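Below is one structure, written out as structure tokens, with a few remarks after it.
We name chains A, B, ... by the order of the sequence lines, and we start the count at 1 in each one. None of these values were measured; they are calculated from a predicted model.
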Protein chains: 2
Amino acid sequence: MKRITIKEIAKKAGVSVGTVDRVLHDRGEVAEKTKKLVLKIAKEGNYSTNVFARNLKLNKTYKLAVLIPDDNEYWRTQKIGIERAAKEYEHLGIQALFYTFDRQNLGSFLENSDKAIKEEPDGVVMAPLMGKESPTVCARLTENDIPFVFVDSNISQANPLAFVGQDTFQSGYLSAKLLNYGSKKGLSTAIIIYSDYDSKNKTLRERINGYKKYYEDRDWDQALVTEYIVENKSFFSQEKLKGVEILFVPNSRAHQVCMDLGEGREANYRILGYDQIQPNVDCLKNGSIDFIINQNPQLQGYLSVQTLYKKLIVSSDVEELNLMPLEVVTKENLAYSNSSFY
Amino acid sequence: MKRITIKEIAKKAGVSVGTVDRVLHDRGEVAEKTKKLVLKIAKEGNYSTNVFARNLKLNKTYKLAVLIPDDNEYWRTQKIGIERAAKEYEHLGIQALFYTFDRQNLGSFLENSDKAIKEEPDGVVMAPLMGKESPTVCARLTENDIPFVFVDSNISQANPLAFVGQDTFQSGYLSAKLLNYGSKKGLSTAIIIYSDYDSKNKTLRERINGYKKYYEDRDWDQALVTEYIVENKSFFSQEKLKGVEILFVPNSRAHQVCMDLGEGREANYRILGYDQIQPNVDCLKNGSIDFIINQNPQLQGYLSVQTLYKKLIVSSDVEELNLMPLEVVTKENLAYSNSSFY
DNA sequence: ACCTTTTCCGTTAACGACCACGGAAATTTA
DNA sequence: TAAATTTCCGTGGTCGTTAACGGAAAAGGT
């Protein structure tokens, strides 16, 4: 079905292309009557702007500000995905500018977000990790009509253009299923949380809740699952893990657990952790970790840019919710979830 | 970094844009000396064609011929992915034309592929399921300079633009890991193959090989794994499955196995199958199937079109190997691998 | 009635690539 | 040497959209 062009609309409406353009862009200076006529004809003719002509004329480079941390492999992988997309869309006018911040340092977040906004970007990719301050930044973006996409974490009230990430609660639920496979009454579980910044994380909480819900749904003894806040490795030399069969590590520190356990003791437990980072991969390979749930950080980064590309350049509708699959990584499918981008 | 335009090249070289254009398109009618000069300047200026200007001028709709089966939910889901991508890229000039064929009927494949090629498509998405005849079709496409992308199965010798699918061998290997979780010496396994057309499948064979390799790598007793060709449900009333702990169904028929077992007997086995089709999903939900390995058919379809879009319209490099993750689906992450596109 | 302001609309020149057309200069042929 | 080719190259129009600019007509002001 052929689309009508501005010129054709102009002819049908008996006006000039300038007028049609003013109507379609709501630039004013056109009588109500002609406006209605033009809109009617445009609709009937199935008008949609010609992406090629539009961008050729505008000849614009779209600046995307990327507001994420850069302090570990997970975020560096996100960055790689973003850079990959940016490169791919480079000659279509996409340009990514990074404003990496330090999660421990609120000032660094505020400073960088401020710098980012001052640059007047056309779109923003951000990780809304700062519970209180992120909404403020989003408010400023909304005010300036700058579309923004969340990666990793979501704050749906902030009304982002899209969210790219994972369902954390469900990932905990799935973890319980995997780890308890073959058991009829549930296995004794220690949830290991190192007492660093990650322990206050909202994501962490939801994963744990998901895990516990699995036991609840099966009427298994809730006492089987215990949370431990670990200060240092001396924890593991105590007798706390006696009788425990499962170690559930709801963040990327599973490799740390293996190391701190020492002396091949990790073979006594079923262990599941998060994020396919190198130290975890090593543990998967040598068999000390059984499962890793991967969040596909590279794909997240890639999709966040792709979403903004679609919005800004192609002006097409975008998926508001891009949930990454709960990707189960084991020693056996490691190579493939690694080599494959998707 | 700004890219040089044709006009700028012309100016620098002291020739007209027409000449530059002839050089860049190798249309001849230009002296060797000027040709070299133009190419040098183009290279130095980091020239690449402006996608917007190019497509505006050409104003072309690219016909993509899609040569796949349509006989089950898996392929219909592939089709949905393709349609989704086609719709998304519609106003960029992409148009998908379907030539669905019947896998049982060689004539239908030949007829449809012939029809497809006669339409002179700009690109082709195909499932090379016909071992002997697919290469012939590919040869014709190569002859006519029509790029083609394989989905689901690969024949790398045919030199496709890209392959979108899964690593079948590894998926079998992973299946063995999941099903034997918690066991130290391997569990007794029956591989169930219904004696229909699927049984001759190459994909099927590779999955089984992967499964067996897992036992081999662990020095488990190979006799633990037995293949059964099943004619009909009477098989299950015999005593063949006595002592068997695992049922590995290397295709999408796991639901059939559950049904044919009957009387809740499926609860006695650990069962894994392939493809997240509705009957399998139902079995996952009621707990009769433990794991499904999903091949992400919708994503496959989507990516195959996206690949051709990149090649034809954006003229960018494309990923030659797009391996889908070995997505493990359980009752617990079902909703999410369902609702999520990626 | 005349001047000023506002409202409304048409004209036009890009954006970069593409290619048909024609024509000058160089080369070959008669 | 003139005519006929061949080689090589420039011109100009087009794709659809955008937006600056200017101008006519209508409305308002004195």
Side-chain angles (χ1 to χ4, degrees), chain A residues 1-39 41-42 45-62 90-94 122 312-316, chain B residues 1-39 41-43 45-62 90-93 122 312-316:
Chain A
M1 178 160 68
K2 210 176 151 291
R3 282 147 48 211
I4 201 171
T5 68
I6 280 190
K7 205 190 287 180
E8 288 163 350
I9 295 176
K11 197 170 163 189
K12 280 200 181 183
V15 296
S16 74
V17 292
T19 303
V20 175
D21 182 68
R22 272 188 294 272
V23 171
L24 295 176
H25 291 86
D26 220 14
R27 286 198 277 124
E29 302 193 4
V30 40
E32 195 59 31
K33 210 178 72 182
T34 34
K35 181 174 173 179
K36 279 201 176 137
L37 177 62
V38 166
L39 285 176
I41 295 174
N46 188 32
Y47 177 80
S48 72
T49 174
N50 182 314
V51 176
F52 301 126
R54 169 166 224 272
N55 286 285
L56 172 61
K57 181 66 179 78
L58 295 181
N59 202 7
K60 194 174 156 164
T61 67
Y62 295 83
E90 184 188 4
H91 64 296
L92 301 181
I94 289 287
D122 301 282
L312 295 172
I313 299 193
V314 186
S315 318
S316 71
Chain B
M1 177 163 70
K2 210 176 151 289
R3 282 150 45 216
I4 201 170
T5 69
I6 279 191
K7 204 190 290 180
E8 288 163 351
I9 295 177
K11 198 171 164 189
K12 279 199 182 186
V15 296
S16 74
V17 292
T19 303
V20 175
D21 183 69
R22 271 188 296 271
V23 171
L24 294 176
H25 290 87
D26 220 14
R27 284 199 277 125
E29 302 194 3
V30 41
E32 194 61 30
K33 212 178 73 180
T34 33
K35 182 174 174 179
K36 279 200 177 140
L37 177 63
V38 166
L39 285 176
I41 295 174
K43 193 169 183 184
N46 187 33
Y47 176 81
S48 72
T49 177
N50 183 313
V51 176
F52 301 126
R54 171 166 222 274
N55 286 286
L56 172 60
K57 180 63 179 81
L58 296 182
N59 202 7
K60 194 175 153 143
T61 66
Y62 295 83
E90 183 188 5
H91 65 297
L92 300 181
D122 301 282
L312 294 173
I313 300 193
V314 185
S315 318
S316 73

Is [X] touching bases, backbone alone, or none of the nucleic acid, heavy atoms closer than 4.0 Å?
{"X": "B:K57", "result": "base"}
{"X": "A:N59", "result": "sugar-phosphate"}
{"X": "B:I6", "result": "sugar-phosphate"}

**Prompt:** Which pairs pass salt bridge (Lys or Arg N to Asp or Glu O under 4.0 Å) with one or both residues in residues 16-31 of chain B, sequence neighbours excluded?
**Reply:**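 Matches after skipping sequence neighbours: B:D21-B:R27, B:D26-B:K35.
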**Prompt:** What residues, two or more places apart in sequence or in another chain, satisfy side-chain contact (heavy atoms from CB on, under 4.5 Å) together with B:I41?
**Reply:**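 Applying side-chain contact (heavy atoms from CB on, under 4.5 Å) to B:I41 gives B:I4, B:I9, B:K12, B:A13, B:L37.
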**Prompt:** Listed in order of residue number, which residues of residues 24-36 of chain B have a non-hydrogen atom at under 4.0 Å from DNA chain C?
**Reply:**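 The answer is B:H25, B:R27.
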**5'-most by nearest nucleotide on DNA chain C - B:G18 or B:N50** =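 Closest to the 5' end, via its nearest nucleotide, is B:N50.
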**Asked** Measuring from A:K60:NZ to A:L92:CG, what's the distance to the nearest 0.5 Å?
**Response**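 Reported value, rounded in 0.5 Å steps: 15.0 Å.
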**Request:** Starting at CD of B:E90, measure out to OG of A:S316 and round the result to the nearest 0.5 Å.
**Result:**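 Output value for this atom pair is 12.0 Å.
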Minimum heavy-atom separation for [X] and [Y], please, with both atom names.
{"X": "B:V38", "Y": "B:V20", "result": "CG1-CG1, 4.1 Å"}
{"X": "B:E8", "Y": "B:R3", "result": "OE1-O, 4.1 Å"}
{"X": "A:A10", "Y": "A:S16", "result": "CB-C, 3.7 Å"}

Whole angstrom value for the distance that separates [atom2] of [N] from [atom1] of [X]:
{"X": "A:L58", "N": "C:dA14", "atom1": "CG", "atom2": "P", "result": "17 Å"}
{"X": "B:K60", "N": "C:dC18", "atom1": "NZ", "atom2": "P", "result": "13 Å"}
{"X": "A:L56", "N": "C:dA17", "atom1": "CG", "atom2": "P", "result": "9 Å"}

List the atom pairs, with distances to 0.1 Å, where a side-chain N or O of residues 52-59 of chain B and a protein N or O form a donor-acceptor pair under 3.5 Å, not counting sequence neighbours.
from, atom 1, to, atom 2, distance (Å)
B:N55, ND2, B:V51, O, 2.8
B:N55, ND2, B:I313, O, 3.4

**5' to 3' contact window, DNA chain D with chain B (heavy-atom distance under 4.0 Å)** =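 From 5' to 3', the first and last contacting nucleotides are D:dC8 to D:dG16.
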**Message:** Quick check: on DNA chain D, is the nucleotide nearest B:V20 upstream (toward 5') of the one nearest A:T5, or the reverse? Name the residue that is more 5'.
**Reply:**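 So the residue in question is B:V20.
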**Asked** Given C:dG16, C:dC9, C:dA20, which nucleotide is nearest the side-chain atoms of B:R22?
**Response**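 Nearest to the side-chain atoms of B:R22, counting from C-beta on, is C:dA20.
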**Asked** So, is A:T19 close to the C:dC9 phosphate, meaning a side-chain N or O under 4.0 Å from OP1 or OP2?
**Response**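 It does not, given that no N or O in the side chain of A:T19 lies less than 4.0 Å from OP1 or OP2 of C:dC9.
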**Five-pair end axes of the helix from C:dA1-D:dT30 to C:dA30-D:dT1 and the angle they enclose, rounded to 10°** =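 If I round to tens, the end axes sit 50° apart.
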**Asked** Are side-chain heavy atoms of A:V23 and A:L39 found at a separation under 4.5 Å?
**Response**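 SC-SC contact between A:V23 and A:L39 confirmed.
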